[in-house]
Number of protein chains: 2
Amino acid sequence: MDTAPAQVTVALDAVIMAVSDRQPRLLVVGPESDLPVLPAGPLDPRGDATLELGLRRCVVEQTGLEVGYVEQLYTFGDRGRRPDAGPQRQLSVAYLALVREAAPPLEAGFLDVYELFPWEDHRNGEPAVLGETIRPALARWAGDDPDRRERVATCLGPPWDGIRVLERYELLYSAGLVDECALDAGQAPAGRGVGRAMRFDHRRIAATALGRLRGKLTYRPVVFELLPERFTLLELQRTVEALAGTTLHKQNFRRLVERTGLVEGTGERVRGLGGRPAELFRYRPAVLTERPRPGVTPLYR
Amino acid sequence: MDTAPAQVTVALDAVIMAVSDRQPRLLVVGPESDLPVLPAGPLDPRGDATLELGLRRCVVEQTGLEVGYVEQLYTFGDRGRRPDAGPQRQLSVAYLALVREAAPPLEAGFLDVYELFPWEDHRNGEPAVLGETIRPALARWAGDDPDRRERVATCLGPPWDGIRVLERYELLYSAGLVDECALDAGQAPAGRGVGRAMRFDHRRIAATALGRLRGKLTYRPVVFELLPERFTLLELQRTVEALAGTTLHKQNFRRLVERTGLVEGTGERVRGLGGRPAELFRYRPAVLTERPRPGVTPLYR
DNA sequence: AGGACTTATGCTCGCATCGAGCATTACTGC
DNA sequence: GCAGTAATGCTCGATGCGAGCATAAGTCCT
């Protein structure tokens, strides 16, 4: 009935990321045949003492995973973002979680992040899809409109700003280059959109997460949430590079993390992979009290 | 009834900040005699197309103010954060808004931010309250507990990290040094807490906002939302300093903002204030496409 | 008019950081 | 022994930033 008070439902959505085989990965649920979906569940207004605890509960229930690092990301609440909710307005409080596991738990699997955002991986130079598809299409879309042209310029550079993941996704959405445009309009997607689509606004949420994480790398020691307790400097570097979508100068990277006190060597070495054995390092939590903003600062500068 | 489904209410809270007379100010509503409260209102699940539009609507309704720059801050949803909501669970999606106005609109007034957080203003050296009250009390609170001691060390430095506003407020809360502790426990506050209290968790929300804003200053040109279209470099510097709670070297500040292309001179000069006339500058939006992360970078480094 | 005071503006050191590259070491595999 | 690979040490040069000196151009007071 129209006279009933309009209701709001609150869901807790989880962007759970890991890095393995030099690739950032996102935990998704649901049948393979369907569009991927983020793990999520309803807030229990009485049971969940805090939103974060509610999120952890939902994640365990749905994937069996006990996540460690968790951070609130953003709250999504546009009208119409969940056409499945009927007359209910659905809010999603999204969280970013980082895990070390690479083995997909029950009913869930890891999805390569750069399948969702192929234009974000610049480790082997600018990805082909940018020059061949995205830039031309955006140029057509912008035409002579100065606002559109400027928006394209800020999002795609030069200079390329790795952090603007969300802005770029939303630009592609505005220009009709992702399948979610058709889906949101109630049409069947042509299937020719750039990157792999997700259900609802979940790819937008994932974009928010990747951008946030890239930014955070520069001023907080979050990478270590994704690594085992002991690691070589190359493993550390590869993990950072996977997330940042850029490559780094090896010697300078080593200098950076050692000089700033982010890591400390354990005397141990690993061997067996061809090449000189590498020393194993560990994260040095004391850096938090020594430096104001410890992280991989020169990532995007 | 216990059998009724537990309900969730969603509110939109606004942290509206301005800078005038070299002081950051926060818009609060409610009678002077009572604890200050942030402007807020319920989400209209049918009417508000987006959360941000809903927030703008609430702000206009409550204060008559049309805010310009708006950014989502955080969503607060701890159980028990709103004892007045009865059995309802209340979520607040908080937004940060920046305005130029200094004249308090209807039923509202500006409150000096450093009345809320006197320990955050380091423009005249370390504030007295830190050395005389806060540090000794925290030392007593920490005792020999290594975790507590480390928490105190990271929050209070050295080095002082201007961005950790929320962490510091929560530390003071943990240690029972702010009046909200007693209020939340249902007791009358002794009135001896540090800084001025607000109702509910609104001071926590304000702390989140100040920290976020301080951080954002370093990589986005947000200061200009608080300034008139044309301003002198000293006005710009004073505004940054007011928010950051630090002083900056004048010549270096000028060099920074000019070299990075954040501002450009209009030929005009202002006179009449004693001292050599200053040139009027304006913000240069083109910086957004030229530099990846334009802002007052060296603020906290 | 002159001097004190205030603010704006230009410029120059010195240090730390960072990008880029060269050189050497120590393993694996054939 | 030799090729290949990765680790590690070191050196330039450019740039950014902290700190300060010096000068310019107004106001206000006497």
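Below, chain A is the first sequence line, B the second, and so on; all start at residue 1.
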Between [X] ([atom1]) and [N] ([atom2]), how many Å, whole number?
| X | N | atom1 | atom2 | value |
| --- | --- | --- | --- | --- |
| B:Glu235 | C:dT7 | CD | P | 13 Å |
| A:Leu236 | D:dA6 | CG | P | 17 Å |
| A:Arg293 | C:dT17 | CZ | C1' | 17 Å |
| B:Gln251 | C:dT7 | CD | C1' | 11 Å |
| B:Arg259 | D:dG18 | CZ | P | 11 Å |
| A:Arg254 | C:dG19 | CZ | C1' | 17 Å |
| B:Gln237 | D:dG18 | CD | C1' | 14 Å |

Exercise. Nearest-nucleotide wise, let me know which of B:His249 and B:Leu256 is further upstream toward the 5' end of DNA chain D.
Key: B:Leu256
Exercise. For A:Glu235 and A:Leu227, work out which heavy atoms get closest and say how close.
Key: O-CD2, 4.2 Å
OP1 or OP2 of [N] sitting under 4.0 Å from any side-chain N/O of [X]?
| X | N | value |
| --- | --- | --- |
| B:Arg255 | D:dG16 | no |
| A:Arg276 | D:dG4 | no |
| A:Lys250 | D:dT8 | no |
| B:Arg271 | D:dG26 | no |

Quiz item: In terms of side-chain heavy atoms of B:Phe281, which of C:dC22, C:dT9, D:dA6 is nearest?
Solution: C:dT9
Donor-acceptor under 3.5 Å ([X] side chain, [Y] main chain):
| X | Y | answer |
| --- | --- | --- |
| A:Arg212 | A:Gln72 | yes |
| A:Arg284 | A:Glu264 | no |
| A:Tyr114 | A:Ala242 | yes |

Quiz item: In this structure, are over 12 heavy atoms from other groups packed under 6.0 Å from A:Arg135 atom CZ?
Solution: yes
Quiz item: Which sits closer to the 5' end of DNA chain C, B:Asn252 or A:Thr260, going by the nucleotide each is nearest to?
Solution: B:Asn252
